[in-house]
Amino acid sequence: MSENSVDFSQVRAQFPILKVVENGQPLVYLDSGATSQKPLRVIEALDTYYRQENANVHRGVYGLSERATEKYEGARETVKQFLNAKSTKEIVFVRGTTEAINLVAHSWVSENLTEGDEVIVTEMEHHSNIVPWQLLRDKLGIRLTVLRMNQKGEVCLNALKGLVSEKTKFVSVTHMSNALGTINPVKEMVEIAHSVGAKIMIDGAQATPHMTVDVQDLDCDFYALSGHKMYGPTGIGVLYAKEDLLEVMPPYQGGGDMIYSVTFDKTEYNVLPYKFEAGTPHISGAIGLAAAMDFLNEVGLDNIAQHEAGLLAYATEQLSQIEGLRIIGEADKKGGVVSFVIEGVHPHDMATLMDQDGIAVRASHHCAMPVMQHFNIPATIRASFGVYNNFEDIDRLITSINEAKEMLV
Ligand SMILES: *Cc1c(COP(=O)(O)O)cnc(C)c1O
C-alpha cells in the first residue's frame, strides 16, 4: 500500500472525545458504524451558530434571519457539491436515512405502485430499509422480494438480473452493509433496475463517511444519508432525488415553509426542495453537516478509504489468528467494518468485558436481523472504523479479546 499523504494522527487530534478516559483507560472507539464522533470544526460550527447566528430561516426580513438562511442554504450547496447533484433543488434536508426512506416510500412509491407491483431489497438491509416497504406491502398489496446473498455476504448481479421483471417498480439497496461491511456494486444495480423501468434508491448511511459518492455517475433516482454517521450532528440527514421525480411527488408532510399559499379550499405548494421541508428545519444540524462534509473533503475521501482499508486488513489478519473466532462477512469489496463471533462466547458478554478495557464495540444484530438469520447466529461483535482509528486501537482490541476469552471460555 502506498504512503498516505495525510497525517492521520493530526486528524485524530481533532476529536476531543477521544481524550476521554473510560474505566481508567483511554477510550478506543470502534463503533463508528453506529454513530461517528465529531471533529472540533463541527462542534464549533454548532457553537458559533447558536452564539451568533440563531434565527428562524426563510421568514424574517431582519439581518439575523437572513444570515441564518444564508448559512442554511449554504449548507445545501455544500451537500449538492459533496454528492455532485445537479441542483440544490434535489437536496432535501430530513432527519436521517430512516426519514429519507420513509419519505420516498410514502410519496413516490405509494403514489406509483399498485397491487401486484414489486419492490426489491437485498438480504443485507438495515431494518430502516425493510420495514417501510413491509408497511406499504400490507397497505397496498405490493410484493416485497429479497435478493439473497452468498456465504461471503455478497449479492450477485446475475441473480438481480434474474429477479427483476416488468412488475418490478422499485429497488432499494444499501451502498455498504453496516453489519458486514460489504460494498455493493450499486452502479450496476442501478443499470439493472433501470433496464426494466424501475426506480432505485440507495441507502448511503454507511457509504458516505468512507468513499466518494457521485449521484450523477451512479445515475440513482434516490440517495439517502445520515449526518451522524459521517462526523456530523444527529437528527439531520439528506434525501437526494432527481428533480423530475421530486417535481411530481406529493408532499410527505404538510405544514409551514412547504407552502406557497394556503386557503381553506386549496394549498399551493412551495417550489423544490421546500415542498418537502415542512416546519422549521434542523438549521444548526444542516450547518453542522456542511462542516462535517468540509472536514471530509479536506482530509480527502480517497485518503480516508486508503487509511481504513489498511486498518481493515490489519484487523482481519490479527483477528484471524484468534482460535475459535469466525469473521462474519468476507466480501471481496468491504469497507471498514469487521463483524465476528467466537465459539462458546456470547457477544454481549464479550463486549461487556471489553468495555472494562475502555473498548467500545457493538454486540448486537446491528438492526439487520435477517443478516443474523442468514448466518444462523443471534448477534455478532462488530468493530467499525473511522478516520480517527489507528493500529494501536486494533492492538488493544486484540489484547482485550484474548483476555476476555480467557475469562469466558
Ligand atoms: C444507520 C443506518 C441506517 C439508519 O440511519 P438513521 O440515521 O438511524 O436514520 C440505515 N441504513 C444503514 C445501512 C445504516 O447503517
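Indexing begins at 1, ligand by ligand and atom by atom, following the structure's order.
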Is the shortest N/O to N/O distance between [X] and ligand 1 below 3.5 Å?
| X | answer |
| --- | --- |
| Asn178 | no |
| Glu99 | no |
| Thr174 | no |

Exercise for review: Using a 4.0 Å heavy-atom cut-off, say whether Glu125 meets ligand 1 through its side chain, its backbone, both or neither.
Suggested key: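 None of Glu125 does.
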So which heavy atom in the protein is nearest [atom], and how far is it from that ligand atom?
| atom | result |
| --- | --- |
| atom 5 (O) of ligand 1 | Ser226 OG, 3.4 Å |
| atom 10 (C) of ligand 1 | Ser128 OG, 3.1 Å |
| atom 15 (O) of ligand 1 | Gln206 NE2, 2.6 Å |
| atom 8 (O) of ligand 1 | Thr98 OG1, 3.7 Å |
| atom 2 (C) of ligand 1 | Lys229 NZ, 2.4 Å |
| atom 11 (N) of ligand 1 | Asp203 OD2, 2.5 Å |

**Study point:** Residue from Lys229, Arg362, Arg382 passing salt bridge (charged side-chain N to carboxylate O under 4.0 Å, His left out) with Asp31
**Key:** Arg382
Point to revise | Candidates Lys86, Lys242, Lys187 - the one meeting salt bridge (charged side-chain N to carboxylate O under 4.0 Å, His left out) with Asp219 | key: Lys242
Review point. Given the side-chain rings of His127 and His365, with only the six-membered ring counted for Trp, is the space between their centroids under 6.0 Å?
Key: yes
Check your understanding: Looking at the rings of Phe93 and His282, which for Trp means the six-membered one, are their centres under 6.0 Å apart?
Key -> no
Exercise for review: Quick one: closest heavy-atom pair of Met201 and Phe170, and the distance?
Suggested key: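 Result for this residue pair: CB-CZ, 3.6 Å.
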**Study point:** Lys80/Glu90 ion pair, N-O < 4.0 Å
**Key:**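 Salt bridge flag = no for Glu90 with Lys80.
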Exercise for review: Return yes when atom CZ of Arg95 has more than 12 non-hydrogen atoms of other residues, nucleotides or ligands closer than 6.0 Å, and no otherwise.
Suggested key: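 No.
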